[in-house]
Amino acid sequence: MPAAASGAPGTAPVSYVTDAAWEPYLKAAEGWLARLHEGVLYAARGDLAAAEKAWSRSIEDTPNAWAWRNLGALAAHRGQTPDAVRFYRQAHRMAPDLLPLTHELLDVLVRADLPSLALATVEELHADHRADGRVRMFEARAALDAGDVDRCRALIDQGIEVATVREGENSLRELWHDCQQRRMDTGGHDNVAGRPTQVPALPKIYDFTLHPEASRPRNHDRDTR
């Protein structure tokens, strides 16, 4: 792998390899990209300690967002939340326009109970990314966790559409219910006889619950004539 093939550290690798046949070639090569690919190969076969060393060496050679991101994902996998936050933030600084990386960073920040930092990250995004449905979902969750119920409610009422939500993912459902419950707890709903009203029905646009009965074949009456 000649040095010229390494490309700029700000450009994402075109593809990755996991076949063990590549290992001797990667070991013989120099540069940050070779170490990055070497780490991916190790991770694919479950050797996370070796992967961590390879990605760290990749950064030592040339700081790059991809190795920082992988170290962040590894730290999150291990439950090392402060390291995950630090690594992901470093990756995002180097590749702020990579939307999937923004999603991962916001997810880590919300899970780390750092809503103010998540909101600050959202506010630094350019308009197109800030309008992204998953970014808006994380913004609403962070706003709610930070105690800004009105901001959360405004986002939900405007509509949050996440194109990549799969059936069975309850992120939007839980967000909606948590926001409604917080409004009730803070007196945001009208009271009836001195007691808060019930939480309204979940809008269909936020319901991605699995419904097994919907996938069952219907028993149509056969014509017995």
Side-chain angles (χ1 to χ4, degrees), residues 65 68-69 71-73 75-192 195-210:
W68 279 120
R69 179 268 171 193
L71 288 174
H77 172 73
R78 290 171 168 171
Q80 299 167 342
T81 303
D83 286 341
V85 169
R86 180 163 58 90
F87 296 153
Y88 264 112
R89 292 189 71 197
Q90 186 61 44
H92 194 256
R93 290 190 192 101
M94 300 192 71
D97 295 329
L98 187 63
L99 186 56
L101 180 59
T102 299
H103 292 164
E104 292 186 13
L105 171 61
L106 292 174
D107 185 41
V108 165
L109 292 175
V110 168
R111 291 177 183 275
D113 195 22
L114 296 170
S116 296
L117 188 53
L119 292 174
T121 300
V122 168
E123 289 162 4
E124 292 175 356
L125 300 175
H126 57 71
D128 288 347
H129 282 195
R130 186 161 182 179
D132 173 77
R134 192 165 288 274
V135 169
R136 285 166 58 82
M137 181 182 72
F138 284 125
E139 180 183 357
R141 169 55 66 182
L144 188 62
D145 292 347
D148 192 342
V149 182
D150 289 340
R151 179 171 177 174
C152 177
R153 179 190 175 186
L155 288 162
I156 289 176
D157 289 349
Q158 290 166 12
I160 300 175
E161 297 183 12
V162 183
T164 55
V165 169
R166 296 181 179 180
E167 189 175 14
E169 180 182 337
N170 291 322
S171 302
L172 286 169
R173 178 191 183 96
E174 293 171 358
L175 173 62
W176 188 88
H177 275 294
D178 290 348
C179 183
Q180 298 300 323
Q181 188 63 55
R182 188 71 63 83
R183 289 178 62 201
M184 290 179 64
D185 293 343
T186 57
H189 286 272
D190 293 333
N191 289 338
V192 178
R195 293 184 297 178
T197 59
Q198 294 182 348
V199 173
L202 175 71
K204 290 184 178 180
I205 61 169
Y206 295 138
D207 188 1
F208 291 86
T209 306
L210 284 168

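Everything numeric in this text was worked out from a predicted model, so none of it was measured.
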* **Minimum heavy-atom distance between Ala75 and Ala84, given as atom pair plus value** => CB-N, 3.6 Å
* **Distance-minimising heavy-atom pair for Thr81 and Ala112** => CG2-CB, 3.4 Å
* If you measure from the Lys or Arg side-chain nitrogens to the Asp or Glu carboxylate oxygens, is any gap between Arg153 and Asp150 under 4.0 Å? -> no
* Asked: Nearest 0.5 Å, what's the CD1-SG distance between Ile156 and Cys179?
  -> 4.0 Å
* Spatial distance of atom CG (Leu105) from atom CZ (Arg89) [nearest 0.5 Å] -> 7.5 Å
* Please name the pair of heavy atoms, one in His103 and one in Asp132, separated by the smallest distance, quoted to 0.1 Å. => NE2-OD2, 2.8 Å
* Say you draw a straight line from CZ of Arg182 to NE2 of His177; how long is it, rounded to the nearest 0.5 Å? -> 15.0 Å
* To do: Establish, from distance only, whether the side-chain atoms of Thr102 and His92 form a donor-acceptor pair under 3.5 Å.
  => yes
* Using a strict cut-off of less than 4.0 Å between a Lys/Arg side-chain nitrogen and an Asp/Glu carboxylate oxygen, indicate whether Arg141 and Glu174 qualify as a salt bridge. => no
* Asked: Given Leu109, which of Val122, Thr121, Leu119 fulfils the side chain to side chain contact (heavy atoms under 4.5 Å, CB included) condition?
  -> Thr121
* Could you grab the distance from atom CG of Leu99 to atom NE2 of His129, nearest 0.5 Å is fine? => 4.5 Å
* **Separation of Glu139 CD from Ile160 CD1 (nearest 0.5 Å)** => 8.5 Å
* Structure fact -> To the nearest 0.5 Å, atom OH of Tyr88 lies from atom CD of Glu104 at 3.5 Å
* After noting the C-alpha distance and the side-chain angles of Met94 and Trp68, does the key distance pass the side chain to side chain contact (heavy atoms under 4.5 Å, CB included) rule? -> CA-CA 9 Å; Met94 300 192 71; Trp68 279 120; 3.8 Å; yes
* Asked: Is it true that Glu161 and Arg136 have a side-chain N and a carboxylate O under 4.0 angstrom from each other?
  -> no
* To do: Would you sort out whether Asp145 and Leu114 count as a side chain to side chain contact (heavy atoms under 4.5 Å, CB included), showing the intermediate values?
  => CA-CA 9 Å; Asp145 292 347; Leu114 296 170; over 6 Å; no
* Asp107 and Arg111 ion-paired at < 4.0 Å -> yes
* Going by the side chain to side chain contact (heavy atoms under 4.5 Å, CB included) test, name the single residue among Asp178, Asp157, Leu175 that passes it with Cys152. => Leu175
* Asked: Which atom pair, heavy atoms only, marks the closest approach of Ala65 to Ala95?
  -> CB-CB, 3.8 Å
* Non-hydrogen side-chain atoms of His126 and Asp97 separated by less than 4.5 Å -> yes
